[in-house]
**Student:** 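To start, I am sharing the structure in question, which I have written as structure tokens.
Keep in mind that what you see is a predicted model, and the values were worked out from it rather than measured. Position 1 is the first residue of the sequence, and the numbers go up from there.
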Amino acid sequence: MKDLATLGHRIRHFRADAGLTLDQLGQLVGIAGSQLSLIENGRREPRLSLIGSIAAALGVDVSELLDDAPPSERAGLEIELERLQRGSVYASLGLPAVRPGKNVADETLAALVGLHRELARRSREAIATPEEARRANTELRQRQRSLDNHMASIEDIAEREVAAVGHVGGALTHRSVTRMAERLGFELVHVDDLPHSARSVTDLENGRIYLPPASIPGGHGLRSMALQAMAHRVLGHSEPGSYADFLQQRLEINYFAAACLMPRRQSVDFLREAKGKHDIAVEDFRDAFGTTHESAALRFTNLATAHLDMEVHFLRVGDDGAVYKAYENDGLRLPVDVTGSTEGQLVCRHWSSRVAFARTNRTTEFYQYTDTPEGTFFDSTQTGSTSAGEFSITVGVPFVHSKWFRGRETTNRLSSTCPDESCCRRPDSGLSQRWSGKAWSSAKLHAHILSPLPSGTFPGVDDQELYEFLERHAG
């Protein structure tokens, strides 16, 4: 459906031209005037059949109602004001929204829109991270949202490749991965001198995929890296021409690896059985296929909407509250900057992703309900740690879907009003008065967020180190 605000304004415009009230038009098309008011205010999406009835009652073509253009200059300003007030910049101020009613003069409305535009412009100028990288990453996340994070063509390819080596169920073995590589003309070689900036190296001339030492044969990490390296060949990738291409390829090879390690048919069967028992748990999904918790959580988002009829969100958050990865198609309001990028933004202190760090016992998943302005969400969070620090992995759903999950009986429940800064960003007034101007903190730099752009012929890899490595092993 097109933009609901514009559609509503066009319906109102033609209704006024026809001299009909809400109730009168509602009677003609068979709905209550109050329901029609919700449609005109952009709060409800009408069925196409209803749009056809409205068009007929107003004596206009359906195409006129569905036109992208606002019906008047004032309507365009009203739509823009509503959109800007829904944005993260204005929401973070904690100010009430202004409804542009009939009593608001055109000049006043134009001034409000102008102020919002300037506020947005100044916020964009304040962004200190590489613009190209953040823009490309945001566009990729939005594209995945439109696909419900499900890539059917790659699912088909992965299913075919796994079936070709005789895998029928359970965790994908290292032997099966080796056979998949051999079918593509590659030998898996474990070496201890990979370039420090490379996870694996593929020698196309000699048909070798170099991986780190197999200290844990069959381990998820090595299987995944080998599958990702193979994916470039299977998916027909060429050298990326832009950072957006680079990110798209990274997404596709990660997706392919996950779809091989947790094949679609077996995974869907497992999850449907768990749903039937009202006992979906990422930890069980993880253990059934021998993957990491993060991989299982992401794989769940690939399949949940397309095969389980539920919307979901996913978060990987550092122990400082910063977002590393995020996805949602369930209406959860992710923290974003003015470019729409969520990486590096802080999640609310009351969200499960941060509350879970305070637990003493972290061996199992942490469950929590969170009330937000967009509704109540159920979350399951698992924490972990790396050399860089602790992190949390969260999978969540709207309250209506919580009945399918283990942990739904939890009494943990918090409220969040973020991005309103009074929720958790502004310090207690007593503490603020006590310490304002009397303390200084030196902030930690997130270098991976500020410098994500790749360099060299092979994005992110030191060319000299790579070529020297290949020379050592080519013979």
**Student:** In the structure I gave you, are the side-chain heavy atoms of Q248 and E139 within less than 4.5 Å of one another anywhere?
**Tutor:** no
**Student:** Aromatic ring centroids of H313 and Y327 under 6.0 Å?
**Tutor:**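 They do not qualify: ring centres at least 6.0 Å apart.
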**Student:** Side chains of P419 and R333, heavy atoms from C-beta outward: is any pair under 4.5 Å?
**Tutor:** yes
**Student:** Roughly how far, to the nearest 0.5 Å, is the OG atom of S267 from the CZ atom of R272?
**Tutor:** 11.5 Å
**Student:** Tell me whether R406 forms a cation-pi arrangement with Y367, defined as NZ or CZ under 6.0 Å from the six-membered ring centre and within 45 degrees of its axis.
**Tutor:**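 So R406 doesn't make the cation-pi contact.
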**Student:** What side chain to side chain donor-acceptor pair (under 3.5 Å) pairs are there with at least one residue in residues 396-405, not counting sequence neighbours?
**Tutor:** E311-H401
**Student:** Tell me, please, which residues at least two apart from S415 pass side-chain contact (heavy atoms from CB on, under 4.5 Å).
**Tutor:** D371
**Student:** Verify side-chain hydrogen bond (donor to acceptor under 3.5 Å, both in side chains) between Q382 and S380, making sure each step is shown before the conclusion.
**Tutor:** CA-CA 7 Å; Q382 179 65 66; S380 169; over 6 Å; no
**Student:** Measure the OH-CG distance between Y90 and L84 for me, rounded to the nearest 0.5 Å.
**Tutor:**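 Between Y90 OH and L84 CG, I get 10.5 Å after rounding to 0.5 Å.
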**Student:** Are any non-hydrogen side-chain atoms of S92 and D420 less than 4.5 angstrom apart?
**Tutor:**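 Of all side-chain heavy-atom pairs linking D420 with S92, none is under 4.5 Å.
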**Student:** Taking only residues at least two apart or on different chains, which pairs with a member in residues 180-190 satisfy salt bridge (charged side-chain N to carboxylate O under 4.0 Å, His left out)?
**Tutor:** E161-R183
**Student:** Once rounded to the nearest 0.5 Å, what's the spacing between atom CZ of R141 and atom OG of S146?
**Tutor:**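 Spacing of CZ (R141) from OG (S146) equals 12.0 Å.
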**Student:** In Å and rounded to the nearest 0.5 Å, what is the CG to OG1 distance from D330 to T305?
**Tutor:**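 Reported to 0.5 Å precision, the distance equals 8.5 Å.
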**Student:** Does some side-chain heavy atom of E365 sit less than 4.5 Å from a side-chain heavy atom of T381?
**Tutor:**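 Result no, sub-4.5 Å side-chain heavy-atom pair not found.
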**Student:** Quick check, are the ring centers of Y369 and F378 under 6.0 angstrom apart?
**Tutor:**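 Y369 vs F378: aromatic centres under 6.0 Å.
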**Student:** Is the backbone of T291 close enough, under 3.5 Å, to the side chain of S295 for a donor and an acceptor to pair up by distance?
**Tutor:**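 Checking the backbone N and O of T291 against the side chain of S295, no donor-acceptor pair under 3.5 Å is found.
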**Student:** In chain order, what residues pass the side-chain contact (heavy atoms from CB on, under 4.5 Å) check against A55, with sequence neighbours excluded?
**Tutor:**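 A55: side-chain contact (heavy atoms from CB on, under 4.5 Å) contacts with V60, V62, L65.
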**Student:** Would you say that I209 contacts M230 through its side chain, given a criterion of any heavy-atom pair below 4.5 Å between the two side chains?
**Tutor:**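 Yes, side chains in contact.
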**Student:** Using side-chain hydrogen bond (donor to acceptor under 3.5 Å, both in side chains) as the criterion, list what pairs up with N149, not counting sequence neighbours.
**Tutor:**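 Here the qualifying residues are Q144, T301.
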**Student:** So, do R145 and E328 sit near enough that their side-chain heavy atoms are less than 4.5 Å apart?
**Tutor:**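 R145 vs E328: side chains touch.
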**Student:** As a test of understanding, state which of N302, D156, V162 forms a side chain to side chain contact (heavy atoms under 4.5 Å, CB included) with R264.
**Tutor:** D156
**Student:** Please report the interatomic distance OG1(T372) to CZ(F377), rounded to the nearest 0.5 Å.
**Tutor:**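 So the OG1 of T372 and the CZ of F377 are separated by 4.5 Å.
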**Student:** My understanding is that only residues two or more places apart in sequence, or in another chain, count here; which of them pass side-chain hydrogen bond (donor to acceptor under 3.5 Å, both in side chains) with Q228?
**Tutor:**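 side-chain hydrogen bond (donor to acceptor under 3.5 Å, both in side chains) check on Q228 returns R199, S224, N254.
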**Student:** Quick check: does any side chain N or O of R354 sit under 3.5 Å from a backbone N or O of V347, one acting as donor and the other as acceptor?
**Tutor:**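 Looks like yes, one N/O pair under 3.5 Å.
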**Student:** For S37 and S34, what are the C-alpha separation, side-chain angles and deciding distance, and is it a side-chain hydrogen bond (donor to acceptor under 3.5 Å, both in side chains)?
**Tutor:** CA-CA 5 Å; S37 177; S34 59; over 6 Å; no
**Student:** Compare all side-chain heavy atoms of V323 with those of R316 and state whether any distance is below 4.5 angstrom.
**Tutor:** no
**Student:** Strictly distance-based, threshold 3.5 Å: is any side-chain N or O of D337 a donor or acceptor partner for the main-chain N or O of S341?
**Tutor:**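 Such a contact is found between D337 side chain and S341 backbone.
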**Student:** Could you walk me through whether Y210 and H473 pass the ring pair (Phe, Tyr, Trp, His ring centres under 6.0 Å) check?
**Tutor:** CA-CA 9 Å; Y210 296 103; H473 291 275; 5.1 Å; yes
**Student:** Hey, is E155 close enough to R299 for a salt bridge, meaning N to O under 4.0 Å?
**Tutor:**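 Looking at E155 and R299, the cut-off is met.
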**Student:** Backbone N or O of L140 within a donor-acceptor pair of the N137 side chain at under 3.5 Å?
**Tutor:**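 Looks like no, no N/O pair under 3.5 Å.
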**Student:** Donor-acceptor pair, D379 side chain versus W351 backbone, under 3.5 Å?
**Tutor:**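 Checking the backbone N and O of W351 against the side chain of D379, no donor-acceptor pair under 3.5 Å is found.
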**Student:** Got more than 12 heavy atoms from elsewhere within 6.0 Å of CZ, R175?
**Tutor:**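 It does not: R175 CZ has 12 such atoms or fewer within range.
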**Student:** Show your working on side-chain hydrogen bond (donor to acceptor under 3.5 Å, both in side chains) between E252 and H232 and close with a plain yes or no.
**Tutor:** CA-CA 9 Å; E252 290 178 357; H232 285 300; over 6 Å; no
**Student:** How far does CG of D269 sit from CZ of R265, to the nearest 0.5 angstrom?
**Tutor:** 6.0 Å
**Student:** Are T394 and S353 close enough, and set up right, to give a side-chain hydrogen bond (donor to acceptor under 3.5 Å, both in side chains), and what steps lead you there?
**Tutor:** CA-CA 6 Å; T394 297; S353 298; 2.9 Å; yes
**Student:** Please confirm whether the backbone N or O of T410 pairs with a side-chain atom of Q368, one donor and one acceptor, at under 3.5 Å?
**Tutor:**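 Checking the backbone N and O of T410 against the side chain of Q368, no donor-acceptor pair under 3.5 Å is found.
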**Student:** Any heavy-atom pair between the side chains of V165 and V177 that's under 4.5 Å?
**Tutor:**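 A side-chain contact is absent here, since even the closest heavy-atom pair is not under 4.5 Å.
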